[in-house]
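One-based numbering, in listed order, for ligands and for the atoms of each.
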Amino acid sequence: MTAPTPAPPPTAAPPRLLLGLETSCDETAAAVVSATGEVRSSVVSSQSDLHAPYGGVVPEIAGRAHLERLPAVLDATLERAGLSRRAPGLEAVAATAGPGLLGALLVGLSEAKALALAWDVPFVAVNHLEGHLFAALLDHADLDWPVVVALVSGGHSLIVAMEGPGRYRLLGQTLDDAAGEAFDKVARFLGLGYPGGPAIERAAAAGDPTAFAFPRAMLADGFDLSFSGLKTAVVRAVSARPEARNEDVAASFQQAVVDVLVAKVVRAAGQVGAGGLCLAGGVAANGPLRAALEAAGAGLGLPVYLPGRATCTDNAAMIAAAAWWQLGQRGPSPLETGADPNLGLALLP
Ligand code: KG4
Ligand code: ZN
């Protein structure tokens with residue numbers, strides 16, 4: 001009698017991986033993320049050096065730079081994830097379809113469709129704003145819904161009650177400039193360079209946030225935001241006191257933005273009975289804003305779900321995370337999906 005052949009050791013199922021591309025503005029980015037939200041690789045090539053001389057993003061330069069940089073960004077992303085370009089074994093390819101700059105969006109979107117066709121896998125078109133809202137989910141698996149999110153970037157400033165992935169209620173939004181736009185404009189006015197957010201934060205670290213009493217627009221009034229009066233107040237204050245230190249102006253401006261955003265998120269949390277507070281978008285990388293929201297959360301006994309600083313500014317890991325959820329809920333996107341520079345967040349009725 002022969003002994004039964006031992007069963008082969010169970011082989012681990014191959015990881016389910018998705019490639020995301022992001023080219024909506026001035027970061028050329030790609031990432032490979034697993035179905036369980038593990039970021040296998042994430043590469044971001046920032047074009048800020050190209051746009052800095054102009055004090056803001058120049059759409060034609062952005063589109064051209066995406067075209068030039070995307071192949072190398074893609075190669076590095078696949079290589080770091082240990083995948084071959086010829087047969088990476090990915091489950092889907094996703095890209096940002098909007099909102100953003102048309103010429104910039106088209107580069108990533110066309111590339112993702114071409115790769116999906118070449119590799120014979122589904123294509124997923126992702127809303128950039130929804131991508132930002134998924135950034136916190138990469139670092140926090142179990143959120144206590146609903147969470148109130150301040151989605152504050154260079155192009156948008158929204159206060160959103162997120163009841164779960166895909167379930168968004170808009171509580172308020174900026175009536176004029178986006179928060180990041182205000183950082184960029186004030187930095188340009190002070191001669192601090194581009195992008196303005198990090199430059200203001202650096203200068204503010206050596207300044208006095210009480211040096212100037214800048215306005216906190218609509219602080220006690222609903223959930224809408226306004227930053228253009230603050231920007232004008234900075235210009236007026238510096239004209240009246242030309243000897244003022246940039247550091248003090250930057251610190252006072254930053255404090256005004258932080259105070260308004262934190263106050264609105266806290267009040268919104270009370271109104272919707274939030275289980276947590278959250279930040280998203282480039283401005284969410286701001287250290288004093290993060291610290292102030294953490295302190296507010298501690299005071300309220302609410303968890304604060306912050307994306308890592310690098311996942312606040314534009315990246316493709318957040319696009320891939322949103323794409324995984326979308327693929328599961330709604331399935332692939334048609335290859336005919338076009339770029340939409342004005343795409344809005346799909347809101348609950
Ligand atoms: O999300 P993002 O990378 O691109 C858009 O979707 O717009 O956000 C870019 C914006 C810029 O306005 C930039 O100045 C701002 O985020 N930002 C910051 C910081 N880092 C980036 N604002 C304040 N503090 C920062 N550390
Ligand atoms: Zn963004």
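The six-membered or imidazole ring of Tyr194 lies away from that of Tyr54, with a centre-to-centre distance of 6.0 Å or more.
For ligand 1 and Gly180, the ligand atoms under 4.0 Å from any heavy atom of the residue are 12 (O). Every atom of ligand 1 with a heavy atom of His128 under 4.0 Å away is listed here by number and element: 6 (O). Of all the atoms in ligand 1, the ones that sit under 4.0 Å from a non-hydrogen atom of Ser153 are 1 (O), 5 (C), 6 (O), 7 (O), 8 (O). Listed by number with element, the atoms of ligand 1 under 4.0 Å from a non-hydrogen atom of Gly155 are 7 (O). Near His132, with a cut-off below 4.0 Å to any heavy atom, the atoms of ligand 1 are 1 (O), 6 (O).
Electrostatic pairing of Lys113 and Glu111 does not count as a salt bridge here, judged by no charged N lying under 4.0 Å from a carboxylate O. Look at Glu181 and Lys185 and you find a salt bridge, because one of the NZ, NE, NH1 or NH2 atoms lies within 4.0 Å of a carboxylate O, short of that distance.
Of all N, O or S atoms in Asp314, the one lying closest to the Zn ion (ligand 2) is OD1.
In this model, a donor atom of one side chain and an acceptor atom of the other lie less than 3.5 Å apart for Glu22 and Ser24. Under the 3.5 Å distance criterion, with hydrogens and angles disregarded, no donor-acceptor pair is assigned to the side chains of Asp224 and Gln173.
Of the candidates Val57, Asp184, Asn315, Asp184 brings a heavy atom nearest to atom 14 (O) of ligand 1. Of the listed residues (Ala29, Gly197, Gly281), the one carrying the non-hydrogen atom nearest atom 18 (C) of ligand 1 is Gly197.
Of all protein heavy atoms, the one lying nearest to atom 17 (N) of ligand 1 is Gly282 O, 3.5 Å. In terms of protein heavy-atom proximity, atom 10 (C) of ligand 1 is closest to Gly154 N, 3.4 Å. For atom 24 (N) of ligand 1, the nearest non-hydrogen atom of the protein is Asn286 ND2, 3.0 Å. Here the protein heavy atom with the shortest distance to atom 2 (P) of ligand 1 is Asp314 OD1, 3.3 Å. Among protein heavy atoms, atom 26 (N) of ligand 1 sits closest to Glu201 OE1, 2.8 Å.
Leu170 and Leu225 are members of different hydrophobic clusters when ILVMFWY side chains are connected at heavy-atom separations under 4.5 Å.
Note that CZ of Phe223 is 5.0 Å distant from CZ of Arg267, once rounded to the nearest 0.5 Å. Interatomic distance, Leu129 CG to His156 NE2, rounded to the nearest 0.5 Å: 4.5 Å.
Taking 2.8 Å as the threshold, Cys25 does not count as a candidate ligand of the Zn ion (ligand 2), since none of its N, O or S atoms lies below it. Not one N/O/S atom of His156, from backbone or side chain, sits under 2.8 Å from the Zn ion (ligand 2).
Counting heavy atoms of neighbouring residues, nucleotides and ligands inside a 6.0 Å radius, atom CD of Glu79 does not exceed 12 of them. Atom CG of Asp49 sits in a crowded spot, with more than 12 heavy atoms from other residues, nucleotides or ligands closer than 6.0 Å.
Using a 4.0 Å cutoff on heavy atoms, Gln254 does not count as a contact of ligand 1.
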